[in-house]
Amino acid sequence: MKITTIILAAGKGTRMRSELPKILHKIANRSLLQHVYDTATQLENNTIKIVVGHGAELVTNTLKDLDADWVEQKQQLGTGHAVQQVSEPSTGSGQTGIADADTVLILYGDVPLLKLATVKLLINNVNDQSLALLTVNLADPSGYGRIVRNAAGQVTKIVEEKDATSSEKQINEVNTGIMAVQGKQLKKWLSQLNNSNVQGEYYLTDVIEMAVADQVSIITSQPETEDEVLGVNNRIQLSHLERVYQYEQATSLMEQGVTLKDPMRFDQRGSIESLGQDIEIDINVILEGKNSIGSNVKIGANTNIKNSIIGDNVTIFANCIIEDAVIGQGSRIGPYARLRPESVLANDVHIGNFVEIKKSSVAAGSKINHLSYIGDTTVGSKVNIGAGTITCNYDGVNKFRTIIEDGAFIGSNSQLVAPVTIGKNATIGAGSTITKDTPENQLTLSRTKQMSLAGWQRPVKHDCMAATAPGSLAAFPPSMEVRSGRYDSTDGGGTTPRMGEVESRLEQRSIATQELLPSTMSGTIVEEK
């Protein structure tokens, strides 16, 4: 069976109050339309056609990688009119239309959580004597088209709420708009549509009455939950479906053995390519992109992990950001650590609090425990990098690499100015600035001589504002005040000093102030040997 899926995505979404077309708003960092498309791609032997209208150019440019035929509905004249754009392609448009033998599946670009199992059930109800329709029972059916049945329980028509009578509005079974039908029949009914209704639009739902008139059975099915078929029309509904989706992801992980401290405070915005056992995830953790997580991994609260591979027995403490990184087994990260793209850590590596690693590899057993930046660096095994160490990798134009060989010890508050190599088992004295390669097995340090001032007196605070020396503020006329750096004249004449006079008085004030203060460098210099 060949399937043609038509995704209707032409609406503006006025209630979203956004310049962005509604279908480009996101759930779990994927657009609403992307969710629907991804479900459709799981059907075999399926051709996907997407009908766009409002913001068509933006939509197609944003989602240009989708393998689909794009069809533009230049005027939004209803759902029936939208499907007509596919069934009757304009000459030279390149669209292939709908084949008679196709099973045509109608989906909506703003209904993102529809399950594949629900779609397959719908399609299986289609043949040349039946039309498959997805319905749902709602406690509050306001705004939806009602499913009207006869005494035998057979569907006879769908009536839109604006056209419904008082008794029809009491019906709780509503139309989701999602249906599947044989191509030949659909094209026939589309050609008979008219816009004789309150909205003046061509309703796709009118084909139900036409099918009944042609003695085609209407076979209905329903989703497991109503959330599957809820559309997004405003930010409240978008937020609701985001939480529904995230709870589904959390539930799936827990079913696979993951401990989530609070499944309502967990977000998965991508996929997990592989998953180990006995994983613990604290609150407010976000997993983005494609991640792999080994066994016995603990992830602390408020951590964001994106496109990364985490080995077995890794502990990630709270408040870490990890992106496009590889973490070897037995390693410890954080708290408050950041692993930027192309960071590769071997086994048993410790990256501590307020450490940032960028485009660097760290070999087994090395430790960078405090307040350091390591960028464009190759770190050997069993290296210890002290607090406050910086690899100075950027000269303002180009990036250069630092190499720290096995067993090296880097003292605290050191700067390694790339390109530079720290030899095997070398020691760098604390507070050094290293600009040249250092030899193996030696201590290297770079410091200025330490000095002390004998007899030095600590400065005493003086009230310069009250000074009466020439040039001090007291030298200004009583009629002039200094307020927040602005000279205001209060002499009654409304005049302001000329700029030359102001500058002259400021210069005199500065000289007088310096004369009032003792020298801060008085004393005898004593050098430390």
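All values reported here derive from a predicted model rather than from experimental measurement.
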Item to check | Side-chain touch I286/E288, heavy atoms, less than 4.5 angstrom | outcome: yes
Next on the checklist: Please determine whether a side-chain nitrogen of the Lys or Arg among K298 and D278 lies less than 4.0 Å from a carboxylate oxygen of the Asp or Glu.
Outcome noted: no
Item to check | Flag side-chain contact, heavy atom, 4.5 Å: Q246 against Q268 | outcome: yes
Checklist entry - Between the side chains of T391 and T402, is a donor N or O closer than 3.5 angstrom to an acceptor N or O? => result no
Item to check | Backbone N/O of L138 and side chain of N172: donor-acceptor pair under 3.5 Å | outcome: yes
Checklist entry - Judged by atom type as modelled, is there a donor-acceptor pair below 3.5 Å linking the side chain of S343 to the main-chain atoms of I357? => result yes
Checklist entry - Looking at CG of L131 and CD of Q182, how far apart are the two atoms once the value is rounded to the nearest 0.5 Å? => result 10.5 Å
Checklist entry - If you measure from the Lys or Arg side-chain nitrogens to the Asp or Glu carboxylate oxygens, is any gap between E356 and R340 under 4.0 Å? => result yes
Item to check | S366 side-chain N/O to V383 backbone N/O, donor-acceptor pair under 3.5 Å | outcome: yes
Next on the checklist: Just to verify, which of I27, L287, N29 counts as forming a side-chain contact (heavy atoms from CB on, under 4.5 Å) with R269?
Outcome noted: N29
Checklist entry - Are any non-hydrogen side-chain atoms of I279 and S295 less than 4.5 angstrom apart? => result no
Checklist entry - Judged by modelled atom types alone, do S331 and Q329 share a side-chain donor-acceptor pair under 3.5 Å? => result no
Checklist entry - Does a side-chain N-to-carboxylate-O contact under 4.0 Å join K358 and D376? => result yes
Next on the checklist: Looking only at side-chain N and O atoms, does T377 offer a donor or acceptor that is under 3.5 Å from a partner on R401?
Outcome noted: no
Checklist entry - Taking atom types as modelled, is there a side-chain donor on T433 or Q415 under 3.5 Å from an acceptor on the other? => result yes
Item to check | Carboxylate-amine/guanidinium contact K74 E72, below 4.0 Å | outcome: yes
Next on the checklist: Walk me through whether N413 and T389 qualify under side chain to side chain contact (heavy atoms under 4.5 Å, CB included).
Outcome noted: CA-CA 5 Å; N413 197 34; T389 296; over 6 Å; no
Checklist entry - Does one side chain, of D140 or S142, offer a donor that lies under 3.5 Å from an acceptor on the other? => result yes
Item to check | L345 side chain near V326 side chain, heavy-atom distance below 4.5 Å | outcome: no
Checklist entry - Does a side-chain heavy-atom distance below 4.5 Å link I48 with N46? => result yes
Item to check | Side-chain ion pair, E248 and K115, N-O less than 4.0 Å | outcome: yes
Next on the checklist: If we count only N and O atoms by modelled type, under 3.5 Å, do the side chains of S308 and K290 hold a donor and an acceptor together?
Outcome noted: no
Next on the checklist: Is the ring pair Y245/H35 parallel, tilted or perpendicular, if the boundaries are 30 and 60 degrees?
Outcome noted: perpendicular
Item to check | Heavy-atom donor-acceptor pair, S239 side chain to I236 backbone, under 3.5 Å | outcome: no
Item to check | Side-chain heavy atoms of L186 within contact of V83, under 4.5 Å | outcome: yes
Checklist entry - Judged by modelled atom types alone, do H54 and Q76 share a side-chain donor-acceptor pair under 3.5 Å? => result no
Next on the checklist: Regarding D110 and K22, does a basic nitrogen lie under 4.0 Å from an acidic carboxylate oxygen?
Outcome noted: yes
Checklist entry - Any ion pair linking E161 and R146 (charged N to carboxylate O, less than 4.0 Å)? => result yes
Checklist entry - Is a side-chain donor-acceptor pair under 3.5 Å present for H25 with S18? => result yes
Checklist entry - Looking only at side chains, do S252 and Q256 share a donor and an acceptor under 3.5 Å apart? => result yes
Next on the checklist: Between T135 and Q222, is the side chain to side chain donor-acceptor pair (under 3.5 Å) condition met? List the steps.
Outcome noted: CA-CA 5 Å; T135 69; Q222 294 206 346; 3.1 Å; yes
Next on the checklist: Do L105 and V119 have side chains that approach each other closer than 4.5 Å (heavy atoms only, starting at C-beta)?
Outcome noted: yes
Item to check | Residues D38, T41; criterion side chain to side chain donor-acceptor pair (under 3.5 Å); working and verdict | outcome: CA-CA 5 Å; D38 289 346; T41 57; 4.8 Å; no
Checklist entry - Side-chain contact, heavy-atom cut-off 4.5 Å: Y108 with V36? => result no
Checklist entry - Hey, are K49 and D69 close enough for a salt bridge, meaning a charged N less than 4.0 Å from a carboxylate O? => result yes
Next on the checklist: Assess the residue pair D267 and R243 against the criterion (salt bridge (Lys or Arg N to Asp or Glu O under 4.0 Å)); give the C-alpha distance rounded to whole Å, side-chain angles, the decisive distance to 0.1 Å, and a yes or no.
Outcome noted: CA-CA 9 Å; D267 275 27; R243 296 326 312 160; 3.2 Å; yes
Item to check | Candidate pair E405 and K382, rule salt bridge (Lys or Arg N to Asp or Glu O under 4.0 Å), full reasoning | outcome: CA-CA 9 Å; E405 296 183 345; K382 298 187 181 302; over 6 Å; no
Item to check | Exercise: do D163 and N197 side chains pair donor with acceptor under 3.5 Å | outcome: no
Checklist entry - Ignoring hydrogens and geometry, is there a side-chain-to-backbone donor-acceptor pair from E323 to N307 under 3.5 Å? => result no
Checklist entry - Is a salt bridge present between E168 and K157, judged by a nitrogen-to-oxygen distance below 4.0 Å? => result yes
